[in-house]
Amino acid sequence: MPVSDSALMEPKSLSAETAADARLEIKNLNVYFGEGSERFQAVKNVSVSVQQGGSFGIVGESGSGKSTVLRAVCGLVESWDGEIDIDGAPVSHKRNKAFARKIQMVFQDPYASLHPRHTVDRVLSEPLKLHGFDGIDGRVLRALDDVGLGADFRFRYPHQLSGGQRQRVAVARALMLEPEILLLDEPTSALDVSVQAEILNLFAELRKEHNLTYVMVTHDLAVVAHMCDEIAVMQFGEVVEVMDVDAMRNSTPKTAYTQELLKASMGYDAEFFGDS
Amino acid sequence: MSDTLLSVEDLWVRFPTRTGTVDAVRGISFSVGRERVGIVGESGSGKSMTGRSILRLIRAPGQMEAKSITFNGDNLLEYSERQMRKIRGHQISMVMQDPKFSLNPVHSVGKQICEALRLHTKVSRKQARQGALEMLEAVQIRNPERVFRSYPHELSGGMGQRVMIAMMLITDPQLLIADEPTSALDVTVQMKVLAIMDKLVQERGMGLIFISHDLNLVSSFCDRIIIMYAGRIVETCRASELHKATHPYTRGLLNALPRIEEPKGRLEALQRQDSWKQEASVDARV
């Protein structure tokens with residue numbers, strides 16, 4: 001079989017093998033935007049499968065549809081078809097409260113994803129009230145502690161926090177309902193490297209403590225290599241390759257696109273990019 | 001040193017606020033020859049302010065102050081606003097981060113490039129058009145005629161940034177200041193834009209100041225690196241010797257980066273020390 005063919009086959013065969021213990025499984029997902037002649041297919045026939053307790057990365061450049069996959073899983077995009085299974089049960093287009101208890105999302109820009117006029121306390125307690133939790137006071141304090149902020153931050157507004165602190169609040173909010181799966185959409189790309197290191201460490205700790213399953217979308221291959229065990233590469237709405245992290249480290253990706261992506265994230269190389 | 005293009009001595013940038021003066025840049029000195037110099041720092045380190053103050057582009061209420069900013073033997077601080085306008089875009093050009101905000105949305109790209117040329121040199125409309133088309137070709141735009149007529153919103157990020165580079169280089173400046181020129185672009189596009197910039201800068205024997213937050217990128221792209229923290233230069237070294245850097249801040253930044261080749265269980269979080277802010281700035285003049 002030629003190399004390119006086997007690369008295209010890989011996602012399907014992978015998902016077939018692991019279907020039994022998959023926590024989140026996406027089968028032949030298509031997402032469309034627009035109507036009529038304007039209709040655009042942002043995600044084409046994507047199939048991936050994420051293991052219980054696993055950490056799955058989706059990389060790709062802007063417009064490759066990687067965030068759209070997450071948004072479809074989370075229920076933020078309506079015009080999709082295909083199948084999204086959680087613990088073997090397919091989810092419908094309309095999501096219920098139980099779904100929110102299971103899956104939560106952390107967004108890219110901590111400057112845009114927190115309500116500027118709500119205190120940290122209100123941001124964190126709102127999901128608890130909606131879901132009728134008791135002991136809200138203790139849960140908010142515990143969540144702040146979990147993300148390394150502490151009780152001092154409870155009554156602050158977002159503008160009184162740094163970028164890294166805001167992202168910690170966003171992570172705390174996602175954890176309030178004790179979900180099992182966290183969808184991370186470029187959670188550190190708006191942050192400085194030193195802050196990024198702190199947030200990535202936090203994700204690693206939380207995953208261990210709460211036995212979480214991660215699906216992380218990013219354009220940064222180094223981040224994905226650090227965080228994830230399995231990685232899907234997307235281009236033009238399609239998954240072009242699924243590989244495990246060792247294959248990526250050993251620079252043995254099969255498709256030319258993945259190799260270029262890998263090379264580009266290693267730094268500037270005049271010989272490689274100069275003559276293109 | 002005869003081949004020094006720009007030499008900055010004891011530069012300060014201050015912003016008066018209600019709660020007192022904030023020093024964004026605190027007494028730094030550096031020089032740039034016909035080479036690629038990278039200025040690296042995290043947000044708020046004063047790297048962009050340093051770039052802007054070379055062209056005296058700090059807006060009120062911000063204030064800048066320096067012993068001297070010498071460009072080709074002349075002190076830019078003694079220039080009038082009128083003289084400065086002849087320097088800006090002609091002898092020293094600047095490329096900003098996002099082409100969306102640096103190009104005029106209601107004029108065609110070609111018109112804007114021609115304007116840049118005609119403002120600084122005496123050429124006819126026809127010559128300007130010819131020059132602009134050649135320049136668009138030099139930044140590897142495949143269909144210069146079409147791009148010449150198009151408006152900024154019709155271009156992708158990578159194309160827009162190439163247009164910006166074309167516009168900035170058409171006047172044949174001696175020094176190019178690039179402030180995060182590729183941060184808004186995808187990694188593979190980023191590398192292509194850098195390759196174009198690299199080639200043009202080398203062909204023309206220009207100096208380049210490359211401002212970025214990406215230590216990895218700067219160390220692979222530049223000849224020399226200046227590392228800034230809290231408005232001061234904490235360390236300077238040849239790019240090839242970055243791995244030998246000794247300052248705890250530089251080491252901390254290097255260790256905080258996840259690396260594809262060497263997996264780590266935990267990333268080292270940077271422990272900031274107050275003493276770094278008190279240390280004297282390193283003189284980065286060659």
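The sequence lines fix the lettering, A, B, ..., with proteins before strands; numbering per chain opens at 1. Atoms considered below: every heavy atom in the structure, side chains included; atoms not considered: hydrogens, waters and symmetry mates.
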J.: Under 4.5 Å from any heavy atom of chain A, what part of B:L194 do you find: side chain, backbone, both or neither?
T.: both
J.: Heavy atoms only, distances under 4.5 angstrom: which of B:D198, B:L217, B:N216 has the most pairs with chain A? Name it, please.
T.: B:D198
J.: Can you say whether B:E268 sits under 4.5 Å from chain A via the side chain, the backbone, both, or neither, judging by heavy atoms?
T.: backbone
J.: Report the distance from atom NE2 of A:H219 to atom CG of B:L185, rounding to the nearest 0.5 Å.
T.: 10.5 Å
J.: Out of curiosity, A:H226 NE2 to B:E262 CD, how far, rounded to the nearest 0.5 Å?
T.: 12.5 Å
J.: Taking atom CD as the centre, does A:E35 end up with more than 12 heavy-atom neighbours from other residues, nucleotides or ligands that are less than 6.0 angstrom away?
T.: no
J.: Could you pull out the closest heavy-atom pair between A:S194 and B:A256, with the gap in Å?
T.: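 Taking A:S194 first and B:A256 second, the nearest heavy atoms are CA-CB, 4.1 Å.
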J.: Closest heavy-atom contact between A:M248 and B:I260?
T.: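 Taking every non-hydrogen atom into account, O-CG2, 4.3 Å.
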J.: Just verifying a value: how many Å separate A:M266 CE and B:E261 CD, rounded to the nearest 0.5 Å?
T.: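 These two atoms lie 4.5 Å from each other.
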J.: Looking at every heavy atom in both A:Q196 and B:P258, which two are closest together, and how far apart are they?
T.: NE2-CD, 3.6 Å
J.: Heavy-atom pairs under 4.5 Å with chain B are the metric here; pick the option from A:S265, A:S62, A:G60, A:A225 that has the most.
T.: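 It is A:S62.
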J.: Does atom NZ of B:K264 have more than 12 heavy-atom neighbours from other groups under 6.0 Å away?
T.: yes
J.: Side chain, backbone, both or neither: which part of A:L200 has an atom under 4.5 Å from a heavy atom of chain B?
T.: side chain
J.: State whether the number of non-hydrogen atoms from other residues, nucleotides or ligands found under 6.0 Å of B:F15 atom CZ is greater than 12.
T.: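 Above 12, so yes.
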J.: If you measure from CG on A:L261 to CG on B:D186, what distance do you get to the nearest 0.5 Å?
T.: 8.5 Å
J.: Should we count CG of B:D274 as having more than 12 external heavy atoms under 6.0 Å?
T.: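 Count not over threshold, so no.
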J.: Which value, rounded to the nearest 0.5 Å, describes the distance between A:E198 atom CD and B:L270 atom CG?
T.: 8.0 Å
J.: Taking atom CG of B:L267 and atom CG of A:L202, what is their separation to the nearest 0.5 Å?
T.: 12.0 Å
J.: So do B:V187 and A:E61 actually touch side chain to side chain, heavy atoms under 4.5 Å?
T.: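 Yes, their side chains come closer than 4.5 Å.
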J.: Which heavy-atom pair separates A:Y268 from B:S220 by the least distance, and what is that distance?
T.: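 Result for this residue pair: N-OG, 2.6 Å.
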